[in-house]
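Working notes for the structure below.
Because the structure is predicted, anything quoted here is derived from the model rather than measured. Here is the naming used below: chain letters follow the sequence lines, and residue numbers restart at 1 for every chain. Side-chain atoms are counted along with the backbone in the values below, which use heavy atoms only and exclude waters and symmetry mates.
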2 protein chains.
Amino acid sequence: MAVTIRDVAQACGVHVSTVSRTFSAPHLVNPETRNRVLAVAEQLGYRPNRAARALTTGRTHNIGLIVADIANPFFPPLIKAAQSHARQRDYHVFVADTDEDPRVEEELIQALAKQVDGVLLCSPRLSNRTIDRLREDVPFVVINRHVKGLPAVLMDVGHGAQQAIEHLVALGHRRLGLLSGPPGSSNSRLIHDAAAAAAADGAADLTVIGPNSPTEQGGQIAAAEVLAAEVTGVLAYNDLVAIGLVEGLEELGVQVPADISVIGIDDIMQGRLNRPKLTTVAMPTIAAGRTAVDMLLQLVGTTDVGPAVTSLQTTLVVRDSTAAPIRLPREVT
Amino acid sequence: MAVTIRDVAQACGVHVSTVSRTFSAPHLVNPETRNRVLAVAEQLGYRPNRAARALTTGRTHNIGLIVADIANPFFPPLIKAAQSHARQRDYHVFVADTDEDPRVEEELIQALAKQVDGVLLCSPRLSNRTIDRLREDVPFVVINRHVKGLPAVLMDVGHGAQQAIEHLVALGHRRLGLLSGPPGSSNSRLIHDAAAAAAADGAADLTVIGPNSPTEQGGQIAAAEVLAAEVTGVLAYNDLVAIGLVEGLEELGVQVPADISVIGIDDIMQGRLNRPKLTTVAMPTIAAGRTAVDMLLQLVGTTDVGPAVTSLQTTLVVRDSTAAPIRLPREVT
DNA sequence: GGCCATTATGCAACCGATTGCAGCTTGTGC
DNA sequence: GCACAAGCTGCAATCGGTTGCATAATGGCC
């Protein structure tokens, strides 16, 4: 059915190995022969069978990318960046969605293992122990989580939280709130610690509120608590929570940013689709996708690699949900 | 490195073919032997190499899914549905994003062709002629577009537009607007024709506005035109345009839905993240993903298949952006 | 003109599995 | 006690390429 290397060889009157070399080691074949082979191959519509090639070379030229939820707007930019970056290096990316289910995640990794040269694990939900076991099967680079002994690409959310608090302080806010994230999450702790430190540096109070569910609804519910805490500026665990908070506050008759300033984290909306446009900490998702691909390719190219960890900078994007407080806070210095 | 069928055979004292059959044709091997092989395989951590299997069987048990833009919120639910549905049938889905570039799309199809049993083409940007050429390489099912001679899964956007107009008419609106989509798009024509017919049936005027760019900004810009047209209810080409329109109208001091009702198409936000929650035509993306997988698997299973076309129903989801008009329109019957 | 290095090509084993065919062992029926 | 069938298992070719080694042809150099 499909045209193979043998068909081309026969049509050219050369041996299969010559045809093979024409594609995988062109410098080893006479330019004249090479051109003839290429012409015939083109004419016959020959395409190398990557799966067959993988069988002998051990290189599939594919990489896997496993994410918890494609529908989470945080991931697509990262996926796109990884794909286009990999394509430029003659690699293809197979994306798989785990539906947040660790069992599915494990199954996918095992299924992918033999068909890819390495896997990008994006915010994995698996236990460290399971990941440690699976790394026998296929090389990993982990994105957005640190697993001991594995190369990782991290985004410095702590620094982002710091920038956010400094921004509020610079605007004149002194009574700040933090809508905290899930207690178990390491990102949640990083955000809390950095925010607390930055608030202390700025001589501002920081009231921790929650944790509520890290969703729009969670933010909406937190609105009342925010009012009760009498803060004028709030940093939310993520953009969903921030957007929910804005909605909740407006339902209570509180204007953002006139009465209270709100900052999110992640920049999932990128200023679109929401009013007021959210001031937020943008994550370097595109850089993370590219970097992860580079690290993985480097890792599969060499025999041994140290567990390199790259930490990428976040950026505070100031838009319309933050402003100076109307009444100066009481405890101004 | 990895444990192969030979390692298992040797450890068991049987021939490789027996091990092979244990996995691919269990009924042909003595239960006693089979259990022994399974036990040893388990203990050694043997996993079949799907790529090698594909070489002889011609079946990879993978399917490809090519979309124009993963970041477009319209696609992720479809992707997730296709993936989980395929996984239940022991197939894996490789997702690839073309960045809206037909050349990339073609390249991806060719690269994928040998590694998958079939490809789901989601809103392809390629010309019919190119698609016709590529179908020699790999079986296709097209989603969201009709290509002559190819199986397709369509979503009945015309009926959705009809429902939307009927909803506005039922609320009492008689002066309606349609924010039209790109002139070349077939969906755009389907929406226009169905909306026009439904308006005529409901004895309502339908003013076509635009086309503007099918984006949030396009909708925002159209707000002035909508006001000038003196309509009380508007159907937008998609949700992005509808959301932009709501923003544009509010900037002009017009309330939605109090002053003007707005309906979108696609249901990308699913009622989240936007005020007012948008009344919109929900596309059956989940059903489309599942159906497309089923059609593709059926297609690769048999030798010849007719170019079946499945058309899926859309649903009007009434939320908060539509209401009865305040002032009854002049030409009430 | 002979020797050697260089270049180009062919040969054949191999990657990890599948599968048609043949052969062996049992068991059954008569 | 023999013929035959059924049930298992082994053998070896095959899928579509890659690659180390051998061989042949060419050219340069003294």
Side-chain angles (χ1 to χ4, degrees), chain A residues 1-38 40-41 44-62 90 110-117 137-138, chain B residues 1-38 40-41 44-62 90 110-117 137-138:
Chain A
M1 175 121 324
V3 27
T4 79
I5 209 177
R6 279 165 236 275
D7 301 327
V8 178
Q10 191 161 17
C12 274
V14 299
H15 194 264
V16 291
S17 53
T18 302
V19 179
S20 172
R21 276 188 279 257
T22 301
F23 291 97
S24 51
H27 61 280
L28 288 181
V29 30
N30 186 314
E32 201 176 317
T33 319
R34 191 199 310 159
N35 289 333
R36 194 153 45 90
V37 170
L38 286 175
V40 172
L44 263 50
Y46 167 76
R47 311 238 137 232
N49 183 329
R50 295 183 94 145
R53 175 181 300 180
L55 199 51
T56 51
T57 60
R59 288 263 165 282
T60 62
H61 267 244
N62 293 142
D90 197 25
Q110 293 185 335
L112 235 40
K114 292 290 187 1
Q115 324 195 38
V116 301
D117 297 340
D137 295 351
V138 59
Chain B
M1 176 121 323
V3 27
T4 79
I5 208 177
R6 279 165 238 278
D7 301 327
V8 178
Q10 190 160 17
C12 275
V14 298
H15 196 262
V16 291
S17 52
T18 301
V19 179
S20 172
R21 275 188 280 257
T22 301
F23 291 98
S24 52
H27 61 281
L28 287 180
V29 25
N30 187 315
E32 201 177 317
T33 319
R34 191 199 309 160
N35 289 333
R36 193 153 43 90
V37 170
L38 287 175
V40 172
L44 261 52
Y46 167 75
R47 312 240 137 230
N49 183 329
R50 295 183 94 143
R53 175 181 298 181
L55 198 52
T56 52
T57 60
R59 288 264 165 281
T60 61
H61 267 243
N62 293 142
D90 196 25
Q110 293 185 336
L112 236 40
K114 293 288 189 355
Q115 323 195 39
V116 301
D117 297 338
D137 295 352
V138 59

Spacing of [X] atom [atom1] and [Y] atom [atom2] [to the nearest 0.5 Å]:
X	Y	atom1	atom2	value
B:R47	A:K114	CZ	NZ	7.5 Å
A:L112	A:D117	CG	CG	11.0 Å
A:L28	A:T33	CG	OG1	12.0 Å
B:L38	B:T22	CG	OG1	6.0 Å

Check against side chain to side chain contact (heavy atoms under 4.5 Å, CB included), B:R36 and B:V14 | CA-CA 10 Å; B:R36 193 153 43 90; B:V14 298; 4.2 Å; yes
Nucleotide [N], atom [atom2] - distance to [atom1] of [X] in whole Å:
X	N	atom1	atom2	value
B:R59	C:dT19	CZ	C1'	16 Å
A:E32	C:dT9	CD	C1'	14 Å
B:N30	D:dT9	CG	P	5 Å
A:R34	C:dT9	CZ	C1'	14 Å
A:R50	C:dG16	CZ	P	20 Å
B:H61	C:dA17	NE2	C1'	14 Å

Per-nt protein contacts along nucleotides 15-27 of chain D (heavy atom under 4.0 Å; B base, S backbone sugar-phosphate only, - none) come out as BBBBBB-------
- Message: Quick one, B:N49 with B:T4, criterion side chain to side chain contact (heavy atoms under 4.5 Å, CB included). Give me CA distance, side-chain angles, the key distance, then yes/no.
- Response: CA-CA 8 Å; B:N49 183 329; B:T4 79; over 6 Å; no
### Message
Could you work out how much the helix from C:dG1-D:dC30 to C:dC30-D:dG1 bends, comparing the axis of its first five pairs with that of its last five, to 10°?
### Response
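Answer rounded to 10°: the end axes differ by 40°.
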Which residues share a salt bridge (Lys or Arg N to Asp or Glu O under 4.0 Å) with B:R50, sequence neighbours left out:
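Applying salt bridge (Lys or Arg N to Asp or Glu O under 4.0 Å) to B:R50 gives B:D90.
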Exercise. Can you check whether A:V16's main-chain N or O pairs, donor with acceptor, with A:S20's side chain at less than 3.5 Å?
Worked result: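 Judged by distance alone, no pair lies under 3.5 Å.
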Picking from D:dT9, C:dG10, D:dG10, which would you name as closest to the side chain of B:V14?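 Selected nucleotide: D:dG10.
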